[in-house]
Amino acid sequence: MSGPVRKEIIPGVMLTVVQSDRFKTGCLSITLLTQLSAENASKNALIPYVLRRGTGKSPDMKAVTMRLEDLYGTEIVPVVRRVGEIQCTGLYASFPDSRYLPEGEDILPSVTDFMGEMLLRPKTRGGLFLPDVVDSEKEKMKNIIRSRINDKSGYALTRCMEEMCCFEDYSTMRFGTEETVDVIRYKELTQHYHRILAESPVEIFYCGACDPDRMELLMLQALSTLPRQELDLELGTDVRLNSVEAEPRNVEETLDLQQGKLVLGFRLGDCMEDPSAEELAAMRVFNECYGGGVTSRLFRNVREKLSLCYYASSMLEVHKGLMFVSSGIRPENRDVAQTEILHQLDSLREGTLTEEELTAAKNSLSSGYRSLRDSLGAMESYYVNNALDGLLLTPEEMAGLVDEVTAEDVQRIARSVVLDLVYFLHGEEPDDEDEEGEVIDE
């Protein structure tokens, strides 16, 4: 596997190619970048789902499916991501490599052509998206948004993000809300599609056996009609180093559930002022030591040793400079669990990290980075995310930076972290008395 080759092939269109014969399949993604906003998030997210429903040549799902089957089971799926406060929407394709097809048939030109067709020449009527298609995809998207409550752990994490960043664009989820989806109309969506197509920077990622020069030519052909106007090159994320208020905020909500969900939201602080690749590596090692893996302080002490949580783990959002600690607890253990979670962070601030803990954390992270090369999807996500950070490091190079992190680096990051918000989701408190004032016999 060679290192990535990155080039601007059209104004505002960046192509990253990782040439590799490691896989039996190749992957290609085309991603439009827009500033995340409550006003446009749902419209941006809906567009790739509408585009996937048909093109001028393949006007419905049956025709699209048949064409993909003719390409030996190629898959093209919509993708909607949120990276910091940048919304990433587009299409992702997975397809067999020609080396494994009958007589070495080269389907790559057909795949790139179909991707360009799906993006630029969707099925329309009078130049507008089809109303029934838009309405159908709106209902599916609203179902996706509604379904988030079915995963109580994920729901609690999302609610913590929304409350913690309530005055920031980051509080907008990648699909927006049911309300913002519901008001979308097909004419408005068509106009918005043409606008972002012309104004959005584009990230293209390819991993497979094709060499970079040929992939550039194929993508230039596929995107030959891509409109380019004044590009929105001011995309970015507002990273706030300090918490919103002097004291951490507390938010409690109730749902019908037995297990409490406690989520602590932190700002990463001064370490996010102008983070280098080395600093990002140090943040990830700190997170792994604190709550990111099975050798972490939260797992070994709060979960295993003290049995205060059913689960307890930390995760970073380095693009936004945030860290979240999620835990499942008995509601009555809320105070003692929160105290112990913060105690473990204080312990790292005091420099108590052992060499064994540091080595275990670095080995786990390094192994994770090096294993990215075993998954095309993971590789695509890694390189697209890094591109938005202005980085062009291979996973192996990131693993090398992880190996250089010291215990002092971990202590420095720990001292930079600031608690911003505590979110607690729990069940309804039972009433002690019935309507007549009598104690209920349970």
Side-chain angles (χ1 to χ4, degrees), residues 4 6 8 10-16 29-49 51 77-92 119 141 144-145 157-158 161-162 164-177 180-181 192-193 195-205 226 228-241 265 267-268 272-277 279-280 283-284 315-324 377-393:
R6 184 168 170 81
E8 185 176 35
I10 300 172
V13 179
M14 300 299 300
L15 170 65
T16 301
S29 67
I30 304 176
T31 305
L32 303 178
L33 308 179
T34 55
Q35 193 67 50
L36 181 68
S37 71
E39 178 185 2
N40 293 324
S42 294
K43 287 183 285 189
N44 293 339
L46 189 60
I47 285 171
Y49 286 88
L51 297 179
V77 297
V79 175
V80 179
R81 288 175 282 204
R82 180 185 64 164
V83 180
E85 290 170 348
I86 298 176
Q87 192 174 13
C88 308
T89 59
L91 301 167
Y92 176 96
L119 179 69
M141 186 161 293
I144 292 173
I145 294 170
L157 176 60
T158 297
M161 292 177 177
E162 290 173 336
M164 180 172 164
C165 301
C166 58
F167 301 113
E168 303 161 67
D169 289 335
Y170 191 74
S171 62
T172 301
M173 296 297 106
R174 61 193 177 111
F175 291 114
T177 66
T180 55
V181 172
H192 186 72
Y193 156 72
R195 182 164 57 252
I196 67 168
L197 204 61
E199 299 175 359
S200 297
V202 180
E203 283 288 338
I204 303 172
F205 175 81
L226 176 69
R228 297 279 83 183
Q229 295 178 5
E230 184 176 351
L231 298 175
D232 184 4
L233 299 178
E234 300 301 318
L235 300 178
T237 298
D238 175 22
V239 177
R240 303 191 179 186
L241 304 184
R267 306 277 176 173
L268 293 180
M272 286 297 301
E273 190 165 357
D274 187 21
S276 61
E279 191 78 339
L280 292 173
M283 293 178 203
R284 297 197 182 280
M315 58 161 282
L316 293 181
E317 192 357 325
V318 294
H319 305 281
K320 179 64 177 170
L322 306 177
M323 180 178 72
F324 298 93
M379 289 274 288
E380 189 267 352
S381 179
Y382 170 84
Y383 277 105
V384 171
N385 276 265
N386 273 12
L388 299 184
D389 285 331
L391 300 176
L392 194 61
L393 297 174

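Values in this document were obtained by computation on a predicted structure and should not be read as measured data.
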- Message: Using only atom types and a distance under 3.5 Å, with no angle test, would you say the side chain of Arg174 pairs donor to acceptor with the backbone of Val80?
- Response: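 Checked: pair present.
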- Message: With a 3.5 Å distance limit and no angle check, can you tell me whether Ser381 reaches the backbone of Ala378 through a side-chain donor-acceptor pair?
- Response: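 Looks like no, no N/O pair under 3.5 Å.
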- Charged N-O contact under 4.0 Å between Arg6 and Glu203: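 Result for this pair is yes, salt bridge flagged.
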- Query: Does a salt bridge link Arg228 with Glu199, judged by any charged N lying under 4.0 Å from a carboxylate O?
  - Reply: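 No.
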- Would a 4.5 Å heavy-atom cut-off, applied to side chains only, mark Val79 and Ser29 as touching?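 Side-chain contact under 4.5 Å: no.
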- Message: Any non-hydrogen side-chain atom of Leu33 less than 4.5 Å from a side-chain atom of Ser200?
- Response: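 No - every pair of side-chain heavy atoms lies 4.5 Å or more apart.
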- Task: Compute both the distance and the angle, then confirm whether Arg240 meets the cation-pi test with Phe167: under 6.0 Å from the six-membered ring centre, within 45 degrees of the axis.
- Result: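 No cation-pi geometry.
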- Item | Thr172 OG1 to Asn40 CG distance, which is reported to the nearest 0.5 Å |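 If I round to the nearest 0.5 Å, the distance is 10.0 Å.
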- Query: At their closest point, which heavy atom of Val83 faces which heavy atom of Thr237, and how far apart are they?
  - Reply: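 Residues Val83 and Thr237, closest heavy atoms: O-OG1, 4.1 Å.
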- Item | Considering all heavy atoms, the nearest Leu241-Arg267 contact |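 Shortest heavy-atom separation between Leu241 and Arg267 comes out as O-CB, 3.8 Å.
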- Does a donor on one side chain sit under 3.5 Å from an acceptor on the other, for Asp169 and Ser37?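 Looking only at side-chain atoms, Ser37 and Asp169 do not form any donor-acceptor pair under 3.5 Å.
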- Return yes when atom CD of Glu8 has more than 12 non-hydrogen atoms of other residues, nucleotides or ligands closer than 6.0 Å, and no otherwise.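 Yes - once you tally the heavy atoms of other residues, nucleotides and ligands closer than 6.0 Å, there are more than 12.
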